[in-house]
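Input: a single structure, listed below in structure tokens.
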Amino acid sequence: MSGEESGRLERLSEVLKRRGILLPAFEIHGGAKGLYDFGPVGGRLRTRVNQNWLNHWLSLGNIVELSCPTVTPYEVLEASGHVGEFSDFMTVCTSCDEASRADTLLEGHHPNPDSLSKSELQSLLNSVQPSCPSCAAAEWSEITAENLMFNTTIGAGKSGRPGFLRPETAQGMFTSFPALYRHNRERLPFGAVQVGKGYRNEISPRQGMIRLREFNMAELEYFINPHEQEEHDFSSWNEISVNLVAENHGEMHLTFDVAVRDGIIRHPTVGYFMAQTYDFLKNIGIDVERLRFRQHESNEMAHYASDCWDAEILGSYGWVECVGIAHRGCYDLEAHEKATGKSLRARREFDQPRVIEIDGWTIDGAKAGPAFRNRAGMVKAAVERLDSGTEFPCEITLEDGETAIVEQEHVKRNQRTETQTGEWYIPHVVEPAFGIDRIIWHLLDHAYDESEKNGETYTTLRLSEHVAPVDYCVFPLFEKDGMDKIARLVHSKLCSRAGVVSMYDGSGSIGRRYARADEIGVPRCITVDHQSLEDQTVTVRDRDSGNQQRVHIDSL
RNA sequence: GCGGAUAUGGUGUAGUGGUAACAUAGGAGGUUUCCAACCUCUUGUCGCGGGUUCGACUCCCGCUAUCCGCACCA
């Protein structure tokens, strides 16, 4: 970052703090790392971004909104892989009490210590006995798993159950799949969105809003049938050439349509959501000249994902990942299915019914049951795998490794025709996940404008009116002669409208009040002047052009 | 987590072992016929905890937070 840029960043942060947009949280208690307040102005900015996001996706027509708990039982996040994925294995030096990561200590003794399990790390640690980086001793405590998720206990005392604050909103949407499937009349594709808080106990939060311990996120889980290709209409983006950084291709400018057709974007639904993401970001005021989509390298992608693109936005901290759009395959639903034994599947009917000839053996329960007793189940499974030509008696190997002798009388021939009209499959998921705080940061970064006015720096926050925290400021030119009365009337009239925020400001010179409004990005200021007293008209000033229009109070 | 630097009104800064200054901002009043003007009055500050000292915002220690590297993470 150049000196000039870091100066701009400092001035921007100062304005955000001074104007109540973004502030360190709990500051009177000394502050808390990785936690921020959206202040009296920022609070509504966040709400409006969230609302725009929800509206954007709900308008697609087959998407519903969910709200799931942030407190999440251990089992849920174990099933999803977070417990394993989000853990660091720590050990403590017994002589100086310094905690170290076990895998870091063992670098050089194993090609990839990060990939080892807890017990493998423990035995490697025991045999290597690395010296402590701070005191050089070589005695280590037993390895413990330190989690990047916030631990909590759900319930009190002995009945308390371990849990975490969720590290993402997605899991609640996966576990709600049965309800979503029913709600959507058992027809795919459909999606669920959720806006809410996520928590990660980051070792070292940095760079202001970029890495937080509690953050706002917004995720869409879009469930699709992998056997069918959904048609997506890209025609409204045909004129837009977007900056793509593709694996093995480098940086290129293509339309979404072409990128999907040429297989750069590997799945059309991923491409469609990238295009929708482009629209959303543009709509709330991100400068699309400073937006790019970067494809994950194959080795960077989670193992279950088949394609993943990050929307990256260029701001004071360089290119920052703000949205991730991933094709997650069936990983998540399958993981919860395995952990719970509950079906998280959708039904599809075949074009043609499939006729399957079954010709083999099964057990005769009345004979085999008493003969094999508690092993009868395993015998049944083994017998049903036998070829139709098998002759009895016959020795078979059971799944526990033991063998059993099966007599002719234990079995019977199983010959029948089965007709399958369809099957139950695990839907695939395409997931656009948005980091709202990072997006808001870049919104502010892109909107922050410094210009010269009479030799002084003049600050304007050129926020889109879709997200501007305050819609109108109402000023009496002077707070006397009845101008203040009319201004207060206009103000309360605007405020009474649903979803409109107006601020009355009567202190200081008119120029000062315009400047204050510009600094928090109010799109329009309404001024009541002497003429208003005579003909009930007011001036409406546009933030970006400074132009004023005179309109009647009733037509506001 | 490691190393370095820093912490003074809302914001930006000055300064001192004897209880704090400047600018700006905020409030009230006046003035002013539209873009941080002017005048008067006014509000508000030494991050937290401990130690040294008759006395600590100042010196020492610890903590917390911020910034910069490294590491970590996406």
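The figures here come from the full heavy-atom set of this structure, side chains too, leaving out hydrogens, waters and symmetry mates. Each chain gets a letter, A, B and so on, in the order its sequence line appears, and its residues count up from 1. Note that the structure is a prediction, hence the values are computed from the model and not measured.
- Of the charged side-chain nitrogens involved, at least one lies within less than 4.0 Å of a carboxylate oxygen, so that A:R8 and A:D445 count as a salt-bridged pair.
- Residue contacts for A:R513: at a heavy-atom cut-off of 4.0 Å it reaches no nucleic acid atom on any strand shown.
- Residue-level contact check: A:G546 touches the bases, meaning some heavy atom is under 4.0 Å from a base atom.
- With both pairing distances under 3.5 Å, B:rC57 is matched to nothing as a Watson-Crick or G-U wobble pair.
- Checked against B:rU11, B:rC34, B:rC72, the side chain of A:T527 finds its nearest nucleotide in B:rC34.
- Checking A:H296 against A:R19, the closest nucleotide of RNA chain B that is more toward the 5' end is the one next to A:R19.
- Minimum atom distance to the side chain of A:R512 is reached by B:rA25, of the listed B:rU66, B:rU11, B:rA25.
- Nearest nucleotide to the side chain of A:I510, out of B:rA28, B:rC35, B:rA36: B:rC35.
- When Watson-Crick and G-U wobble pairs are counted only if both distances are under 3.5 Å, B:rU45 pairs with no nucleotide at all.
- Looking at heavy-atom distances under 4.0 Å, A:F475 makes no contact with the nucleic acid at all.
- Among the heavy atoms of the strands lying under 4.0 Å from A:T539 is at least one base atom, whether or not backbone atoms are also near.
- A:R294 forms no cation-pi arrangement with A:W309, by the criterion of a distance under 6.0 Å to the ring centre and an angle within 45° of the ring axis.
- Between A:D529 and A:R550 there is a salt bridge, since a side-chain N of the basic residue sits under 4.0 Å from a carboxylate O of the acidic one.
- Here B:rA37 sits opposite no nucleotide as a Watson-Crick or G-U wobble pair (both hydrogen-bonding atom distances under 3.5 Å).
- Residue-to-nucleotide contacts include a donor-acceptor pair under 3.5 Å from the side chain of A:R541 to the base of B:rC35.
- Nearest-nucleotide mapping onto RNA chain B: of A:H530 and A:Q207, the residue sitting toward the 5' end is A:H530.
- Electrostatic pairing of A:R541 and A:D518 counts as a salt bridge here, judged by a charged N lying under 4.0 Å from a carboxylate O.
- Proximity of A:S509 to the phosphate of B:rA37: a side-chain N or O atom is located under 4.0 Å from OP1 or OP2.
- Within the shown strands, nothing qualifies as a pairing partner of B:rG9 under the Watson-Crick or G-U definition with both distances less than 3.5 Å.
- Under 3.5 Å, the side chains of A:T527 and A:Y514 contain a donor-acceptor pair of N or O atoms.
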(message) Please encode protein proximity along nucleotides 39-47 of chain B as a string of B, S and -, counting only heavy-atom distances under 4.0 Å.
(response) ---------
